[in-house]
Amino acid sequence: MELLACKARDGNLELAALIDPGVPRRIVGDVTRLRQVLMNLLSNALKFTHEGEVTVRIEAEPCGEGGLHEIRIAVRDTGIGIPAERLGRLFKAFSQVDSSTTRRYGGSGLGLAISKRLVELMGGTMAVESEVGRGSTFSFSFQTRAGTEAAEPELQRILAGKHVLIVDDNETNRFVLTRQASNWGLDPRTVATPAQALTRIEAKEHFDVAILDLCMPEVDGIELARQIRKTRPGRRLPMILLSSVGAEETRGLAEGDAPALFGAILTKPAHPDRLRAALAQLLGGDASVGRERAESKPIDSSLGQRLPMRILLAEDNHINQKVALKMLERMGYIADVAPPTARRRSWP
C-alpha cells in the first residue's frame, strides 16, 4: 500500500486497507508471490479508477487444526468497470477487455493470468465482480497456517478504553480507522467535518487523543488543530495528522507550526503498526511499544558463486533495469537484459 500511495495521490484517489482482527499477524507462506498478486490487483485498480477510491479488505477464518486459516483478500475500486460479457477474458494470457485498452492504459494482459495461476498454486481461487461505471472487486482466497505471535499486554493496557476522536471527510477512511481503533481496545468517536469536531469539543466531550485528516474541504487538519488548541487552552489534546504523500499542503510542514501541534504526522494509508505505536506513545507509553523493528540483513555477495545460474531480466523501464542489475551484481550475478534494444550485459 505504501509503495502505491504516491500513485493514488497523483490520481486524487483515496487508498485504504482494512485487516479484520481475526487475520493472523504472521502466516506461513510465499510472501513474495502473495505480494506480487496483491500488487498486481492494486496497480490495476488504480490504473482503471479516475475518481473515488481503492480499498483492500482482508478477512480470515479458521478452517482446521494446527492454526490452519482461510485468508480472503478483496480489492475494490470505483473505476470504469467491466462489461459482464467480457469478464471471461480477464484471466487469459495476452488478453484485454477490448482492443483499445492496451493503447490507452498500457499492459500486456499477462498480470491477471499470472496472478490467477499463482493463487491456484497456493491452493486458492480468484474471482471478479464488476459493473460498468461503478467499479470492480477482485478477490482471492487461499489456505495457510498462522505463524507465532508475541503477546503485547503493555500495548493493550495503554490503549484500553481510551477515547479517540477521528475526523475525516471520507466515509471509507472513517470506517477503517474506527474498526482499527476498536480492534486495539480504543473507544472511537468519528465525525465527517471539522465543524462537527469542534462542536463536540466545545461541549466538553472527553477525548484522550485525536486523529485528523489533513485534506478536508473548507478547514484542513492543521487549521482544525489550531482551533482545538484555542478551544482547550488549558487541556492539551494529543493529536495525530494523516497526510497524503505528495500533497502540496504537506510541503513545509516541518517549518510551520505542525510539529508543535501534532505528536505524530503519518502518511496515508497509515501503516497499522505505526499508527498504533504513535497512539501508544501519545497516550503515555514508550515510543517503541508495538512497533516491529525490521532487522537489516546484509546482501550475500558470495551467492553467485555458491548458487551459480544464468538470469534473464525482462524489464522495459531503463531505470528499473539499472536498479535490478545493480542488486544482482551485489549478489554476484551478471544478468542478460531483454528486450534486445536494451543495454545487454554479457557473461564472461
Side-chain angles (χ1 to χ4, degrees), residues 1-11 13-19 23 27 29-50 52-60 70-83 86-131 134-144 245 268-269 271 312-317 319-321 323-324 327 338-339:
M1 298 291 283
E2 291 176 331
L3 292 174
L4 294 169
C6 286
K7 186 175 181 179
R9 175 59 193 177
D10 291 343
L13 302 173
E14 290 286 349
L15 183 62
L18 178 61
I19 304 175
V23 177
I27 60 173
D30 190 335
V31 62
T32 301
R33 300 308 174 203
L34 182 56
R35 285 175 174 162
Q36 181 180 346
V37 172
L38 189 54
M39 182 66 74
N40 176 256
L41 296 183
L42 282 168
S43 297
N44 283 344
L46 291 172
K47 181 192 298 185
F48 295 105
T49 303
H50 304 309
E53 60 193 32
V54 173
T55 59
V56 179
R57 178 72 177 266
I58 306 180
E59 302 171 302
E70 181 180 20
I71 308 293
R72 297 184 296 273
I73 301 179
V75 177
R76 181 183 65 84
D77 65 63
T78 57
I80 60 177
I82 305 164
R86 296 178 180 175
L87 289 176
R89 301 176 56 181
L90 284 173
F91 300 110
K92 295 180 180 179
F94 302 109
S95 176
Q96 297 281 5
V97 170
D98 60 57
S99 59
S100 65
T101 299
T102 301
R103 292 196 299 270
R104 182 175 180 183
Y105 295 100
S108 64
L110 267 177
L112 286 175
I114 293 175
S115 295
K116 183 175 184 291
R117 181 58 179 149
L118 289 174
V119 170
E120 291 171 346
L121 289 171
M122 297 181 204
T125 59
M126 179 174 285
V128 58
E129 297 177 359
S130 186
E131 184 178 348
R134 298 182 64 88
S136 306
T137 299
F138 285 82
S139 59
F140 65 98
S141 62
F142 60 97
Q143 291 188 359
T144 184
V245 173
K268 296 167 62 178
H271 192 293
L312 175 66
L313 173 64
E315 170 59 63
D316 62 343
N317 183 279
I319 300 300
N320 291 345
Q321 286 180 11
V323 172
M327 293 175 64

Between the CD1 atom in I27 and the CG atom in L34, the distance rounded to the nearest 0.5 Å is 5.5 Å

Taken to the nearest 0.5 Å, the spacing of D30 CG from L118 CG works out to 8.0 Å

All heavy atoms of A45 vs all of V54, minimum pair found to be CB-CG1, 3.7 Å

Correct closest heavy-atom pair for M126 and V37 would be CE-CG1, 3.8 Å

Sorted by chain and number, sequence neighbours left out, side chain to side chain donor-acceptor pair (under 3.5 Å) with S130 holds for S136

Looking only at heavy atoms, the pair that brings L3 and M39 closest together is CD1-CE, 3.5 Å

Residues at least two apart in sequence or cross-chain that pass side chain to side chain donor-acceptor pair (under 3.5 Å) with E131, listed by chain then number, are none

If we only count heavy atoms from C-beta on, is the F48 to I82 side-chain gap below 4.5 Å? no

Sorted by chain and number, sequence neighbours left out, side chain to side chain contact (heavy atoms under 4.5 Å, CB included) with A74 holds for T137, S139

Got a donor-acceptor contact below 3.5 angstrom from the E315 side chain to the N320 backbone? no

In this structure, CD1 of I58 is separated from CD1 of I73 (nearest 0.5 Å) by 4.5 Å

Distance col, row N40:CG vs R35:CZ, nearest 0.5 angstrom, shows 16.0 Å

With a 4.5 Å limit on heavy-atom distance, are the side chains of E14 and K268 in contact?
yes

dist I71:CD1 -> E59:CD (nearest 0.5 Å) comes out at 10.0 Å

Rounding to 0.5 Å, atoms SG (C6) and CG (L46) come to a distance of 11.5 Å

Heavy atoms of M1 and P269 approach each other most closely as CB-CG, 3.8 Å

Between S43 and L4, the two heavy atoms sitting closest are OG-CD2, 4.0 Å

Apply side-chain contact (heavy atoms from CB on, under 4.5 Å) to the pair F91 and V128, showing each step before the final yes or no.
CA-CA 10 Å; F91 300 110; V128 58; 4.1 Å; yes

For E129, the side chain to side chain contact (heavy atoms under 4.5 Å, CB included) test, sequence neighbours excluded, returns none

Hits for side chain to side chain donor-acceptor pair (under 3.5 Å) against Q36, two or more places apart or cross-chain, chain-then-number order -> R33

Residue set satisfying salt bridge (Lys or Arg N to Asp or Glu O under 4.0 Å) with R76, at least two apart, ordered chain then number -> E53

Contact between L18 and T55 at the side-chain level, heavy atoms closer than 4.5 Å - yes or no? no

Nearest heavy-atom approach of L112 to L90 is CB-O, 3.6 Å

